[in-house]
Amino acid sequence: MNRQWMIALVALVAAAMVVVPASAADYSVKIGGGPTGGTFNTFANAMAVHVPKVNANIKASAVGSGGSVENVKRVHKGESEFGLCYAVDLDLAAKGQLPQDSATYQNVRTLGYLYGAPAQLVVRGDAGIKSAMDLKGKRVALGNAGSGAAASAERFFRHIGLWDTIKPEFLGYSQAASAFQDGKIDAFWVLVGYPNRSIIEAAVQVKIALVDVGLDAEQSKFYDAFAYGPKVIPAGVYGKDMPVCNTFQDATILVANKDLPEELVYAVMKTLWSADGMAAVTSASKAFDEMNLENGFEGTSVPLHPGAVKFWQEQGKSIPEKLMP
């Protein structure tokens, strides 16, 4: 190769190095899920699999946790980059109003709504328990300590004046279902989408019933005190003889640490709320049917992350001033 050709080749290589854009930054993230057998855990696992499949520069791992409250605290501290939580816990945490915890957790930002999480209070079908008020003196599993389920249960039972009369057990959903089948507890509480796997497991061995806590909530003005909303669980969800159950629900929200790069959050949003992304998480659980572009960021009162603002504005969503970063 003569000298002129060599000079030309060097010039071409140099030009290519100038015009070819740098590759995207590499990221490794943790996603705060929940206890084994819960819907939080299912979503975190599905997200950890699908996001890296679409984005080669993102590595993700699902992290087990106590659930909603613990995830808010971990995301606030940067111990988990992403996490799932309930809207009520997120709102109270930002205001320093969590039970027995006056610290404020304001480093957490909203990405989007995933699904409604109705309270489901499971008892034996032959126990004669028709109202939460019938649980006086009973052993009730509430979820893992630090979970959104446990926080919501304590909130509800305190509000109706029952907290000091029950015997609370802090067990994850699968543990609670097992203890229920063995007769070690009288009832267990879950705050998840339906049908829930742990309740199904319990129903295989024991005839179950769902307590109509919606009536207790309405009569005690629970909705005036907290931002929950009424919900109806259709008949037949846990067996053909299961009647309609009136209850209340929280909104499940995907959140991120406020200091994450906008480009990272935007990429995650585009991946999860794409047709393929929504199909991937829905295939993991039907509870995620409500995760869609229409529902957007419904239910949250905590500001969106800048990456989420960019994404939702591209979808034609108007962002209320109170939710702007």
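These numbers come from the heavy atoms of this one structure, side chains and all, not from hydrogens, waters or symmetry mates. What you are looking at is a predicted structure, and each value in this text was computed from that prediction instead of being measured.
Residues V63 and L254 are members of separate hydrophobic clusters, defined by side-chain heavy-atom contacts under 4.5 angstrom among Ile, Leu, Val, Met, Phe, Trp and Tyr. Under the 4.5 Å side-chain heavy-atom criterion for grouping Ile, Leu, Val, Met, Phe, Trp and Tyr, L260 is not connected to V54 through any hydrophobic cluster. No single ILVMFWY cluster, assembled from side-chain heavy atoms under 4.5 Å apart, contains both V49 and L111. If you chain together hydrophobic residues whose side chains sit under 4.5 Å apart, L215 and Y228 never meet in one group. Linking ILVMFWY side-chain heavy atoms closer than 4.5 Å, directly or via other members, places I208 and V244 in two distinct hydrophobic clusters.
Counting heavy-atom neighbours within 6.0 Å of K317 NZ, excluding the residue itself, gives a total above 12. For E218, the CD atom sits in a loose shell: 12 or fewer heavy atoms of surrounding residues, nucleotides or ligands are nearer than 6.0 Å.
Looking at T271, its side chain does come within 3.5 Å of a backbone N or O of A267 through a donor-acceptor pair. Using a distance-only test at 3.5 Å, with no hydrogens or angles considered, a donor-acceptor pair links the side chain of S274 to the main chain of G277. No donor-acceptor distance shorter than 3.5 angstrom exists from the side chain of N144 to the backbone of S147, with no hydrogens or angles considered. In this structure a side-chain-to-backbone donor-acceptor pair under 3.5 Å is missing from S178 to Q175. A donor-acceptor pair under 3.5 Å is absent between the side-chain atoms of D182 and the main chain of K184, judged by distance alone.
A ring-centre distance under 6.0 Å is not found for F180 and Y173. Ring-centre distance between Y115 and F43: not below the 6.0 Å cut-off.
Here CH2 of W189 is found 11.5 Å from CD of E154. Values are rounded to the nearest 0.5 Å. L121 contributes atom CG, which lies 9.0 Å from atom CG of D216 (distance to the nearest 0.5 angstrom). For the atom pair NZ of K270 and CD of E314, the computed distance is 6.0 Å after rounding to the nearest 0.5 Å. Taking OG1 of T252 as the reference point, atom CG of L90 lies at 11.5 Å (rounded to 0.5 Å).
Every residue two or more places apart in sequence or in another chain that forms a side chain to side chain donor-acceptor pair (under 3.5 Å) with S65 is listed here: N71.
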Determine whether V72 and V255 satisfy the following criterion, side-chain contact (heavy atoms from CB on, under 4.5 Å), listing intermediate values before the conclusion.
CA-CA 8 Å; V72 170; V255 297; 5.7 Å; no
Begin with the C-alpha distance, continue with both residues' side-chain angles, and end with the deciding distance and a verdict on side-chain contact (heavy atoms from CB on, under 4.5 Å) for D126 and K207.
CA-CA 8 Å; D126 59 359; K207 182 175 175 58; over 6 Å; no
Would Q313 and I319 count as a side-chain contact (heavy atoms from CB on, under 4.5 Å) if you check the C-alpha gap in whole Å, the side-chain angles of each, and the deciding distance to 0.1 Å?
CA-CA 7 Å; Q313 287 180 334; I319 314 294; 3.9 Å; yes
Quick one, F188 with L171, criterion side-chain contact (heavy atoms from CB on, under 4.5 Å). Give me CA distance, side-chain angles, the key distance, then yes/no.
CA-CA 9 Å; F188 68 100; L171 303 173; over 6 Å; no
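For the pair F226 and F156, the minimum side-chain heavy-atom distance is 4.5 Å or more. Looking at heavy atoms from C-beta onward, F311 lies out of side-chain contact with V265 at the 4.5 angstrom threshold.
Of the N and O atoms on the side chains of S152 and D250, not one donor lies less than 3.5 Å from an acceptor on the other residue. If you check the side chains of Y27 and E81, you find no donor sitting under 3.5 Å from an acceptor.
Checking each of V190, V213, L191, T247 against P118 for a side-chain contact (heavy atoms from CB on, under 4.5 Å) leaves exactly one that passes, namely T247.
Comment: K95 engages D91 in a salt bridge, judged by a side-chain N to carboxylate O separation of less than 4.0 angstrom.
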